[in-house]
Structures are given as structure tokens and as C-alpha cells.
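Side chains are part of it too, since the values below use all heavy atoms of this structure and drop only hydrogens, waters and symmetry mates.
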Amino acid sequence: MGKRTIMLAAALLAAGAAQAGTFHALQDSDCKLITRGELQKVINKVGVDTGLKLPKDMAVRTEVQCAQDVNSKRFVYTIRAAIEKLVNDGEQQRWAVVAQNTGYGTTTGGAALLREVRFTVRDVIRQEP
């Protein structure tokens, strides 16, 4: 996990801590088919649709990677969604995975990829401990 991702996670956690009963969505994407805003909107919609209520020390993390297939206009993608809990390991805090789901496949556009993100996030929420 990069320094930027850790800083984003800490900022989101601090911002959401005042809102009990909500959930925190952490995201990381290196896919040019979708924007961070589109990804955030899908994650939030799934959380609302499923009625997800995580304690303030837990978050939904979604990572999307994709690369264009050199022989076509298709993109190969991987989506990893996880529910994570902030834990203390002595002097350090870290995110520990509680539930995880991974999706992968190929697509030609952002709409289909966002639909797959929605399915993957919904499936990991169904595993909520």
C-alpha cells in the first residue's frame, strides 16, 4: 500500500468517524476506463442499496486494475473488494482483511467495468462478519 493510499485512508477514516452508522470507502484504481468519482459513486450506491453499516474502525476497500490487450480494443481487468478492520499491532496501526472478493475479466468500456465493480463489492458485503 503506497503512502498516498495510506494518507487517503486516514483522511477518509477521520472524516467518517463523526458519522456513526455510515461506512468508509477506500479506493485505488489505475484503470483509465473509469474515474475515481465514478468508482466512489458505485461503492456508495452499493453500500446504500445493501444497508451496509460498519463500525468506524472498518472500511470497504476497492482496488481496480486494468490494462489494454495489445491485440484488441478490450481491457483485461481485476477488481478486488475487501472489508477491512483497523487493528493495532503494538505501536503500529494497519488494515486487516476481514472479508474479500475478487473479480476479473475483459471489457471494452467503463460502464461494463463499473457494473462488475458493483457486483464484486455487493458480493463482499454479503460476507460481512
Might you point out which heavy atoms bring [X] and [Y] nearest each other, and give the distance in Å?
X    : Y    : value
R118 : V46  : CG-CG2, 3.4 Å
Q68  : K73  : NE2-CA, 3.7 Å
L39  : S29  : CD2-CB, 4.0 Å
V117 : I79  : N-CD1, 3.6 Å
A96  : V87  : CB-CG2, 4.1 Å
Y77  : T106 : CE2-N, 3.5 Å

Please answer whether the main-chain N or O of T35 pairs with a side-chain N or O of E38 as donor and acceptor at a distance below 3.5 Å. yes
Test your reading of the model: is there a side-chain donor-acceptor pair from Q127 to the backbone of Q100, 3.5 Å cut-off? yes
Mind checking whether R61 and R80 have side chains closer than 4.5 Å, heavy atoms only? yes
Does E116 reach the side chain of T107, with side-chain heavy atoms less than 4.5 Å apart? no
Taking atom [atom1] of [X] and atom [atom2] of [Y], what is their separation to the nearest 0.5 Å?
X    : Y    : atom1 : atom2 : result
I43  : L52  : CD1   : CG    : 11.5 Å
T78  : E63  : OG1   : CD    : 10.5 Å
N101 : I83  : CG    : CD1   : 10.5 Å
R115 : T120 : CZ    : OG1   : 12.0 Å
D89  : R94  : CG    : CZ    : 4.0 Å
L113 : C31  : CG    : SG    : 5.0 Å

Sequence neighbours excluded, the answer for side-chain hydrogen bond (donor to acceptor under 3.5 Å, both in side chains) partners of D30 is none
side-chain contact (heavy atoms from CB on, under 4.5 Å) for L33 and F75? Distances and angles first, verdict last. CA-CA 9 Å; L33 288 176; F75 284 79; 3.6 Å; yes
Please determine whether the number of non-hydrogen atoms from other residues, nucleotides or ligands lying under 6.0 Å from atom CZ of R74 exceeds 12. yes
